[in-house]
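This report refers to the structure that appears directly beneath it.
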Number of protein chains: 2
Amino acid sequence: MPSLTSVLGVLDPTSDRAVFRQIADALREAIDKGRFREGDKLPSETELVDHFGVSRMTVRNALSLLQQEGLAVSEHGKGVFVRPRPPVRRLASDRFARRHREQGKAAFTVEAEAAGSRPEVDNLEVKEERPSQDISARLGSPRKVLARRRRYLLDGRPVEFATSYLPLDLARNTPIAQPNPGPGGIYARLEEMGHRLDHFDEEIRARMPSPAEVRTLQLASGVPVIHLVRTAFDAEGRAVEVCDTVMAADAYVLAYQLPAN
Amino acid sequence: MPSLTSVLGVLDPTSDRAVFRQIADALREAIDKGRFREGDKLPSETELVDHFGVSRMTVRNALSLLQQEGLAVSEHGKGVFVRPRPPVRRLASDRFARRHREQGKAAFTVEAEAAGSRPEVDNLEVKEERPSQDISARLGSPRKVLARRRRYLLDGRPVEFATSYLPLDLARNTPIAQPNPGPGGIYARLEEMGHRLDHFDEEIRARMPSPAEVRTLQLASGVPVIHLVRTAFDAEGRAVEVCDTVMAADAYVLAYQLPAN
DNA sequence: TAGTGGTCTAGACCACTTT
DNA sequence: AAGTGGTCTAGACCACTAG
């Protein structure tokens, strides 16, 4: 068992750098060097207080910095741990290609099981509502829309929350308005209804989550969200669906392939 | 001048919610409702202490929460302000299409000037180096690579830091190894050298910045980064370049268009 | 019960900005 | 000089987790 001094070093009293930043630096360096690995418990606040000879608030300030950086997570009553990197889900840009819709199951389920994870979908809600200004503009200003909300989980962990919006005149009294729209999902139904899909536009942003998103996705501090808005266009150029998705950024990598010409 | 009570309300002493969270909630709600707008100064710590009748650390905890959420930024000696939303740069998925390379200027410069911004590129560094394991794997395991580093700024604000890696056997003693590779950039040079570009793969992640990235991009707390890794493939299927880009997430929206078939 | 982190107080001194 | 946020101390009590 190495001493804390050999792992964390000591403070430099001549440095201009704030003490809590020096402590955070020491911990960050130890993590980077592999002295603490994913899931390892960091020294407790009391141990750090004793080791560095500072007050508890100074130590907490340092640990708070690491959490903001996404390097550590605290668990009440247990300790502060090096944040485990969850398995990452890769979203390929061809994931909505027509050939992926032939199968009966939802893309999320098929893909997750192939990756050895246990997929769940919950919070299913299907509602008619008045669209926000943004959604309305993207869909060609319908008076009302059908909203389909769901949350995706992998191995019990929420990773994504998505809402699909469709113009109500298009979706009302169709399988799309059912909780389960059937094999191939709503895109398959849209094509059966004569809206052959032509292309999708996707817009990607990243930001820190709102408090509501922290709850819904059970996000640790220091984890941003990826906000993806996808618009589906049919062969006539009509926007037939907008899907608004918020993803836990540490659970995803998005992959796109672009032609050069 | 409305009273603080009318803007922020009062604490609920019967609530289980921590006092600093209640204060953060009050400020967040006031911001959402437009009582404080972008760039506005929030009440000072002293004012909040007096208004809520709590200690300064409690108030600071609340303000710190808002900063972590990306809602506020503090400026030493001046105050805490509602974080201004900078103009967003839209990256279209066809930005590397061949037709955009005919012009003499760099894409970044052309686009920024069209949007009414003042573009700068600095920190130009061109170096031969040994590739990291990740870069090496993407480029087909060259022993050495040419690395081209640069930072992009809009109106004086750093928004993006990028490094291009090319196999050294391909780039050595070519215009690509010059600080200024000439009109159309390195992609134009690659095509002149017989590497007709076929497609690009892009991988997108979002995460909190490292301390070094905070410095380079002058990021406020509560602003994540978008990490984009693009690999360029020539017509023979060879990976001829990997571009590793870190962007201030609040300055970008990435747009992609995907075919449906 | 002992150890952990979460919240909160009431001070102090410092550094930066503005007047 | 006055006001602002930045850092730090030395306590206190609480809530959660573990053995």
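Each chain gets a letter, A, B and so on, in the order its sequence line appears, and its residues count up from 1.
Classification of B/R138 and B/D134 as a salt-bridged pair holds, one side-chain N sitting under 4.0 Å from a carboxylate O. Ionic pairing of A/E45 and A/R60 is present here: one or more N-O contacts between side-chain nitrogen and carboxylate oxygen are shorter than 4.0 angstrom.
Side-chain contact of B/R150 with B/S164: a donor-acceptor pair under 3.5 Å is present, judged by distance alone.
Ring planes of B/Y256 and A/Y256: parallel class, angle under 30° (limits at 30 and 60°).
Nucleic acid contact for A/R21: sugar-phosphate only, since backbone atoms but no base atoms lie under 4.0 Å from a heavy atom of the residue.
Protein chain B touches strand DNA chain D; the 5'-most and 3'-most nucleotides with an atom under 4.0 angstrom of its non-hydrogen atoms are D/dG3 to D/dC8.
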**OP:** Let me see the working for B/E69 and B/R28 under salt bridge (Lys or Arg N to Asp or Glu O under 4.0 Å), right down to the final yes or no.
**Re:** CA-CA 10 Å; B/E69 291 169 13; B/R28 194 186 301 107; 2.9 Å; yes
List the atom pairs, with distances to 0.1 Å, where a side-chain N or O of residues 61-68 of chain A and a protein N or O form a donor-acceptor pair under 3.5 Å, not counting sequence neighbours.
| residue | atom | partner | partner atom | Å |
| --- | --- | --- | --- | --- |
| A/S64 | OG | A/Q68 | NE2 | 3.2 |
| A/Q67 | OE1 | A/S74 | OG | 3.4 |

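Annotation: of the two residues near DNA chain D, A/M57 and A/G77, the 5′-most nearest-nucleotide partner is A/M57.
In this structure, A/L42 atom CG and C/dG3 atom C1' are separated by 16 Å, rounded to whole Å. For the pair A/D16 CG and C/dC16 C1', the computed distance is 15 Å after rounding to whole Å.
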Original post:
Once Watson-Crick and G-U wobble pairs under 3.5 Å are found, how is DNA chain D written in dot-bracket notation, 5' to 3', with | for any base paired to another strand?
Top reply: ||||||||||||||||||.
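Separation of atoms CZ (A/R35) and CG (A/L27) is listed at 12.5 Å; rounding is to 0.5 Å. Expressed to the nearest 0.5 Å, how far CD of B/E160 lies from CG of B/L217 amounts to 9.0 Å.
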